[in-house]
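Accompanying notes for the structure given below.
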Amino acid sequence: MSLSPPAPPPPFAFPPNLLPNDASPDWMNKADNAWQLVAATLVGLQSVPGLIILYGGAVKKKWAVNSAFMVLYAFAMVLVCWVLWGYRLSFGDKLVPIWGRIDGAIMQKYLLKKAFLGLFPNATMVFFQFVFAAITLILIAGAVLGRMNFYAWMLFVPLWLTFSYTVGAFTIWSTSGWLSLMGIIDYSGGYVIHLSSGVAGFTAAYWVGPRLTKDRERFPPNNVILMLAGAGLLWMGWTGFNGGDPYSASADASLAVLNTHVCAATSLLTWLILDVVFFKKASVIGAVQGMITGLVCITPAAGVVQGYSAILMGLLSGSIPWFTMMVVHKRSKLLQKVDDTMAVLHTHAIAGSLGGILTGLFSEPHLCYLFYGTANKYMGLFAGLNHGTSQSVRYGVRQMGVQLLGILFVVVLNVVMTSLVCLFVQLFVPLRMSDEDMEIGDEAAHGEEAYAIWGQGERLENSRFSNYNDIEVPSKAAGGSVELT
């Protein structure tokens with residue numbers, strides 16, 4: 001009796017929902033594309049409404065509208081400039097080692113093609129990179145709140161984006177950039193975003209000049225709870241900030257997210273403890289500053305360091321910027337000459353530089369391989385010393401050298417370009433509001449005010465020129481009686 005051979009297995013076939021089609025080509029990974037769009041949206045929410053709320057709550061009441069509106073304007077203006085020329089200058093074909101060729105990113109023929117990295121279309125990458133560019137300008141705004149002429153800000157945003165941000169982004173993040181080819185590690189923007197915005201913000205604050213003396217001496221937040229809500233959006237949005245940069249829904253993305261939050265929490269607690277020990281007060285504003293420095297510090301390293309390194313980075317990011325802000329700044333006449341409203345020099349420039357250096361120390365070869373796909377090119381100094389070979393030590397020392405070179409490049413670029421942009425803008429409009437308008441604030445700048453809680457928001461007669469702009473009075477009905485609303 002003969003046995004018939006077993007039937008051959010059916011040919012492998014994708015489920016119908018995974019089959020490639022014109023709208024989902026075979027090179028596209030639907031999961032990666034979905035995650036990238038979500039990550040980009042999370043980063044966008046850090047700015048709108050995150051930093052709108054944070055800035056609006058952290059300044060004096062008379063500056064709440066102006067501070068929030070600077071954020072909203074920058075977000076919109078950056079997007080238009082980004083699709084017209086900014087993206088291709090940052091990630092397009094190389095023109096020179098630090099800049100791409102100018103071109104648009106608005107035509108379907110380009111937007112539906114595969115991005116230069118990742119398994120998703122250019123349209124997704126353009127949107128993802130836009131939210132990073134936007135938040136960089138918005139962080140710069142933090143240094144000049146409470147006195148910059150809004151019309152000067154309207155000119156500053158597109159000019160700085162074009163001549164500073166795109167250069168840093170191409171040099172460090174483009175696959176053809178000078179520092180990128182050298183092997184710099186900037187996982188998600190410690191250099192391109194935070195060091196850049198910190199240096200540019202401090203430089204812009206120098207050119208714009210200080211706030212009124214009474215505002216600089218006393219500038220209490222008008223709404224601490226609102227400020228905390230904005231800070232919370234900033235913190236949670238960092239899941240997309242660092243989790244989106246592997247350009248895939250990968251294990252490395254998961255590691256980056258966890259490291260991000262561990263470092264931020266450690267930094268917040270470190271800053272809080274230092275405030276309690278030295279000032280005997282648990283400051284809410286201090287805790288927010290510590291949270292931000294932790295998020296900034298881990299950003300260049302998020303997916304290439306181990307968990308214990310994230311904790312160490314949190315301890316350092318909660319203490320070193322605290323020291324520079326609370327001790328060094330207060331003793332330095334040079335630093336005090338510049339009125340940096342939100343202390344972006346310390347929270348972004350110092351913390352970003354610290355993160356870049358610590359990345360050069362703590363980055364792990366295997367994690368760098370998972371992120372970059374290249375073995376042995378990227379290696380932290382400690383890993384190189386731990387391997388103990390002459391080659392590994394050389395790799396580690398070289399990595400530190402490249403990280404330090406990146407800091408120098410970003411600092412010089414932003415000091416020079418920010419100064420040139422400010423001087424150019426000043427040819428057309430004053431960088432700074434008049435002292436009279438700064439006494440008034442939002443009403444002078446925009447004809448609008450943030451709060452009208454009682455008395456229907458009515459003001460003292462001729463309030464546009466009143467020095468008591470923060471004082472609201474109830475409106476009076478006929479006969480002089482107080483009108484209840």
Side-chain angles (χ1 to χ4, degrees), residues 43 46 50-51 54 58 135 139 142 185-191 193-195 197-198 224 227-243 245 255-279 281-329 340 342-363 380 403 407:
V43 179
Q46 291 182 291
L51 285 168
L54 193 153
I135 200 171
L139 293 173
I185 301 175
D186 186 12
Y187 191 90
S188 195
Y191 290 88
I193 297 170
H194 299 293
L195 179 55
S197 62
V224 173
M227 182 190 74
L228 282 174
L233 283 167
L234 195 66
W235 187 349
M236 290 300 101
W238 231 283
T239 293
F241 202 105
N242 289 348
D245 267 290
L255 176 67
V257 169
L258 182 60
N259 280 344
T260 296
H261 295 299
V262 167
C263 183
T266 305
S267 182
L268 185 156
L269 296 173
T270 302
W271 195 295
L272 174 63
I273 291 168
L274 289 171
D275 275 350
V276 170
V277 170
F278 289 95
F279 301 121
K281 289 289 184 181
S283 168
V284 174
I285 297 174
V288 171
Q289 300 282 39
M291 175 204 83
I292 292 172
T293 56
L295 292 166
V296 170
C297 184
I298 194 62
T299 292
V304 296
V305 298
Q306 298 200 46
Y308 68 84
S309 298
I311 292 176
L312 290 173
M313 293 178 76
L315 291 170
L316 293 171
S317 65
S319 54
I320 293 177
W322 180 92
F323 179 77
T324 63
M325 184 187 298
M326 300 300 178
V327 179
V328 176
H329 193 105
D340 177 2
M342 290 291 160
V344 297
L345 174 70
H346 303 282
T347 56
H348 294 277
I350 299 296
S353 298
L354 178 65
I357 293 169
L358 295 176
T359 301
L361 292 176
F362 294 136
S363 56
Q403 299 299 113
I407 292 172

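Positions are given from 1, in the same order as the sequence printed here. These numbers come from the heavy atoms of this one structure, side chains and all, not from hydrogens, waters or symmetry mates.
Here the OG1-CH2 distance, from Thr270 to Trp322, works out to 11.5 Å after rounding to the nearest 0.5 Å. In this structure, the separation between NE2 on His329 and OG1 on Thr324 is 9.5 Å, given to the nearest 0.5 Å. Remark: Ser267 OG to Ile311 CD1 distance equals 12.5 Å, nearest 0.5 Å. Once rounded to the nearest 0.5 Å, the distance linking CG of Leu195 with CD1 of Ile407 reads 6.5 Å. Atom CD1 of Ile350 is separated from atom CZ of Phe323 by 11.5 Å, given to the nearest 0.5 angstrom. One finds the CG atom of Leu312 at 9.0 Å from the OG1 atom of Thr266 (value rounded to the nearest 0.5 Å).
Nearest heavy-atom pair, Leu274 versus Ser319, reported as atom, atom and distance to 0.1 Å: CD1-CA, 3.7 Å. Nearest approach of Ser197 to Val344, heavy atoms of both residues: O-CG2, 4.3 Å. Contact detail for Thr260 and Ala302: the closest heavy-atom pair is OG1-CB, 3.9 Å. Across every non-hydrogen atom of Gly355 and Pro300, the tightest pair is C-CG, 3.5 Å. The two residues Ser283 and Leu272 come nearest to each other via the heavy atoms N-CD1, 4.3 Å. Considering all non-hydrogen atoms of both residues, Ala231 and Val288 come closest at CB-CG1, 3.9 Å.
Contact annotation: the side chain of Leu54 never approaches that of Leu233 to less than 4.5 Å [non-hydrogen atoms, C-beta and beyond]. Contact check for Gln403 versus Tyr191: side-chain heavy atoms found under the 4.5 Å cut-off. With a 4.5 Å cut-off on side-chain heavy atoms, Trp238 and Gln46 count as touching. At a threshold of 4.5 Å between non-hydrogen side-chain atoms, the residues Met326 and Phe279 count as touching. With a 4.5 Å cut-off on side-chain heavy atoms, Leu354 and Met313 do not count as touching. Residues Ile185 and Val304 have side chains in contact (heavy-atom distance under 4.5 Å, counting atoms from C-beta outward). Using a 4.5 Å heavy-atom cutoff, the side chains of Ile135 and Phe241 are in contact. Contact of the Tyr187 side chain with the Thr299 side chain is not registered, since no non-hydrogen atoms from C-beta on lie closer than 4.5 Å.
Although no hydrogens or angles enter the test, the distance criterion places a donor-acceptor pair under 3.5 Å between the side chain of Thr293 and the main chain of Ser317. Using a distance-only test at 3.5 Å, with no hydrogens or angles considered, a donor-acceptor pair links the side chain of Thr239 to the main chain of Met236. Here the side chain of Asn242 pairs no donor or acceptor atom with the backbone of Ser188 at under 3.5 angstrom.
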Working note: Cys297 + Leu316, criterion side chain to side chain contact (heavy atoms under 4.5 Å, CB included); need CA distance, chi angles, decisive distance, verdict. CA-CA 9 Å; Cys297 184; Leu316 293 171; 5.9 Å; no

Thr359/Asp186 under side chain to side chain contact (heavy atoms under 4.5 Å, CB included): CA gap, chis, key distance, verdict: CA-CA 8 Å; Thr359 301; Asp186 186 12; over 6 Å; no

Thr347/Met342 under side chain to side chain contact (heavy atoms under 4.5 Å, CB included): CA gap, chis, key distance, verdict: CA-CA 8 Å; Thr347 56; Met342 290 291 160; over 6 Å; no

Full working for side chain to side chain contact (heavy atoms under 4.5 Å, CB included) between Met291 and Leu234: CA-CA 10 Å; Met291 175 204 83; Leu234 195 66; 4.2 Å; yes

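In the model, His261 has a side-chain atom that pairs as donor or acceptor with a side-chain atom of Trp235 under 3.5 Å.
Taking the six-membered ring for Trp and thresholds of 30 and 60 degrees, His348 and His194 have nearly parallel ring planes, at less than 30 degrees apart.
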